[in-house]
Student: 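Below: one structure in structure tokens.
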There are 2 protein chains.
Amino acid sequence: MSHDHCRNCAAPDLAFAAHDHAPCASEALARAIGILAAKGQRLTPVRRRTLEILLEGHRALGAYEVLSRLATEGFGAQPPVAYRALDFLEEHGLAHRIRRLNAFTACMHMGENHTAAFLICCVCHAISEAPAPPARAALDSAASAQGFTIESATIEALGRCPTCQNAPQLVPNKAAA
Amino acid sequence: MSHDHCRNCAAPDLAFAAHDHAPCASEALARAIGILAAKGQRLTPVRRRTLEILLEGHRALGAYEVLSRLATEGFGAQPPVAYRALDFLEEHGLAHRIRRLNAFTACMHMGENHTAAFLICCVCHAISEAPAPPARAALDSAASAQGFTIESATIEALGRCPTCQNAPQLVPNKAAA
DNA sequence: TGTATACATGTTATATTATAACATTTCAAG
DNA sequence: CTTGAAATGTTATAATATAACATGTATACA
């Protein structure tokens, strides 16, 4: 049994392949609840819905994109509502911030307390959370050579996913539907 | 003779050590001119001054920080003036964008056409450009396992530099003077 | 030398992303 | 219950970034 929220999303060879994502979300939600319970943290309605939105999106969503969905569902309509929920999820390892896109995405390896590495397709905007430990180890070693102690790392690659290898370049930002 | 703009800034074991930075800037400027000339690109007054500002700063500067310095020196006072110069410098490998800080910093290895890895001290905000090839290689290998082709990578670590190992945590953003 | 063209700079205006500050509500502990 | 902490909500504003267009400048070539 995998520790990942979705064996399709998380498996390196399948991350960019199309698959039925519906079961992923409910598995992930269950895991999230367990992780938070173990820390004495609560998955309140806004937080839960925010996580669901990220999971359903299955891509990186901007905070205002999340906010507008929350707002139409009766939650608060002001930016802090989304930012607080997203920050909370990130803080507890349930979501990641994608700095290249100023966006957020559900974590594919919840509870593993990992450094994530993201592969971001600049054509179709699909995102895959790749195995980061080797890159992180290399970074740690470069850091310790300078006497630097890493507390958190951002590793993101922009490029082309398998299906977009030969596509012409499109707009360099904004996530796909 | 080193290919780096400043052997003190660029040497892994000295990057976080205090040193006279004045000669670094003029060396770097000379290198920048050569690099651009080879590409048929011009280091115009705004671009040149922008690069000097980054070099003198010797840390990450926000676009608006750069802009206000340009403006007091008689250049345009509107955001595009700074963003265009910064984007140009980044495009030609003379500066890097630090995504964790929404800021820019002069490149320490001009002309090497490299992936950069940054170590950002969360206490004093010093920045070091660390050797990235091992981390980049690890990332490439993770990517190719998914059939993904990397075009550009962002590798940034937040942590503590040698002199701040034991300092208490300070504000988590905004560069130091 | 002129002049056409591409490039660069400058402007105004606005979009996008994010946080500060504070009022109100909800929860859980005693 | 009631009280303190946490969570949610609001208004307002800060910080970052780009679009669109007007003006100027450099270069190439007639």
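By convention in this document, chain letters (A, B, ...) are assigned in the order of the sequence lines, proteins followed by strands, and residues within each chain are numbered from 1.
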Student: Under 4.0 Å from OP1 or OP2 of D:dA15: is there any side-chain N or O of B:N102 that close?
Tutor: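 Answer no for this pair, as no side-chain N or O of B:N102 is under 4.0 Å from OP1 or OP2.
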
Student: Send over the distance from A:L67 CG to C:dA15 P, rounded to a whole Å.
Tutor: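 It works out to 17 Å between those atoms.
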
Student: Does A:R97 make a cation-pi contact with A:F104, if we ask for NZ or CZ under 6.0 Å from the ring centre and within 45° of the axis?
Tutor: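 Cation-pi check for A:R97 and A:F104: fails.
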
Student: With rounding to the nearest 0.5 Å, note down the distance linking OG1 in B:T115 to CD1 in B:I155.
Tutor: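 Between atom OG1 of B:T115 and atom CD1 of B:I155 there are 6.0 Å.
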
Student: Against B:T154, only a single residue in A:R100, A:R99, A:E156 fulfils side chain to side chain donor-acceptor pair (under 3.5 Å); can you say which?
Tutor: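 Result: among A:R100, A:R99, A:E156, A:R100 is the only option passing the side chain to side chain donor-acceptor pair (under 3.5 Å) with B:T154.
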
Student: Looking at B:H92 and B:I35, what are the two nearest heavy atoms and their distance?
Tutor: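 Minimum heavy-atom contact is O-CG2, 4.4 Å.
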
Student: Closest nucleotide of DNA chain D for A:R47 versus for B:Q78: which of these residues is on the 5' side?
Tutor: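 Closest to the 5' end, via its nearest nucleotide, is A:R47.
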
Student: Pick base, sugar-phosphate or nothing for A:R99, based on heavy-atom distances below 4.0 Å to the nucleic acid.
Tutor: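 The residue A:R99 makes no contact with any strand.
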
Student: Rounded to whole Å, how long is the line connecting atom CG of B:L89 with atom P of C:dA8?
Tutor: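 Taking atom P of C:dA8 as the reference, CG of B:L89 is at 12 Å.
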
Student: How bent is the helix from C:dT1-D:dA30 to C:dG30-D:dC1, measuring the angle between the end axes built from five pairs each, rounded to 10°?
Tutor: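 Axis-to-axis angle, ends of the helix: 30°.
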
Student: Kindly indicate whether the side chain of A:I127, heavy atoms from C-beta on, has any atom under 4.5 Å from the side chain of A:L119.
Tutor: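 The answer is no; the side chains never approach within 4.5 Å.
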
Student: Rounded to the nearest angstrom, tell me the gap between atom CD1 in A:I98 and atom C1' in C:dT16.
Tutor: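 Taking CD1 of A:I98 and C1' of C:dT16, I get 18 Å after rounding.
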
Student: I want to verify a distance call: between C:dA18, D:dT18, D:dT8, whose nearest atom is closest to the A:V46 side chain?
Tutor: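 My answer, after comparing the listed nucleotides, is D:dT8.
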
Student: B:Q41 CD to C:dA6 P: how many Å, rounded?
Tutor: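 Atom-to-atom, B:Q41 to C:dA6, this comes out as 16 Å.
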
Student: Between P on C:dA8 and CG on B:D87, what's the gap in Å once rounded to a whole number?
Tutor: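 Interatomic distance, CG of B:D87 to P of C:dA8: 13 Å.
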
Student: Is any side-chain N of the basic residue among B:R31 and B:E27 closer than 4.0 Å to the acidic one's carboxylate O?
Tutor: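 No salt bridge links B:R31 with B:E27.
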
Student: For A:L61 and C:dA18, what is the distance between atoms CG and P respectively, to the nearest whole Å?
Tutor: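 Whole-Å distance recorded here is 13 Å.
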
Student: So, are B:E56 and B:R69 salt-bridged, with charged N and O less than 4.0 Å apart?
Tutor: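 Answer for the salt bridge query: yes.
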
Student: Closest to the A:Y64 side chain: D:dT18, C:dT17, C:dA8?
Tutor: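 That would be C:dT17.
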
Student: Start at the 5' end of DNA chain D and walk down; is the nucleotide closest to B:R97 or to A:V81 reached first?
Tutor: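 Mapping each residue to its closest nucleotide by heavy atoms, the 5'-most match is A:V81.
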
Student: Pick the closest DNA chain C nucleotide for B:T44 and for B:P79 by heavy atoms, then say which residue is nearer the 5' end.
Tutor: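 Mapping each residue to its closest nucleotide by heavy atoms, the 5'-most match is B:T44.
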
Student: Would you say the base of C:dT19 stacks on A:Y83 (centre-to-centre below 5.5 Å, plane angle below 30°)?
Tutor: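 Taking the rule of under 5.5 Å and under 30°, the ring of A:Y83 does not stack on C:dT19.
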
Student: Please check if the distance between the ring centroids of A:H114 and A:H96 is under 6.0 Å.
Tutor: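 Aromatic pair counts; centres sit under 6.0 Å.
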
Student: Check whether any side-chain nitrogen or oxygen of B:R42 sits under 4.0 Å from OP1 or OP2 of C:dT9, and answer yes or no.
Tutor: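 Answer no for this pair, as no side-chain N or O of B:R42 is under 4.0 Å from OP1 or OP2.
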
Student: Looking at B:R84, does any N or O in its side chain come under 4.0 Å of the phosphate oxygens OP1/OP2 on C:dG10?
Tutor: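 Indeed not, no polar side-chain atom of B:R84 lies that close.
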
Student: Rounding to a whole Å, what distance do you find between B:F88:CZ and C:dT9:C1'?
Tutor: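 After rounding, the reported distance stands at 14 Å.
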
Student: Rounded to the nearest angstrom, tell me the gap between atom CG in A:L101 and atom C1' in D:dT16.
Tutor: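 Value for this atom pair: 16 Å.
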
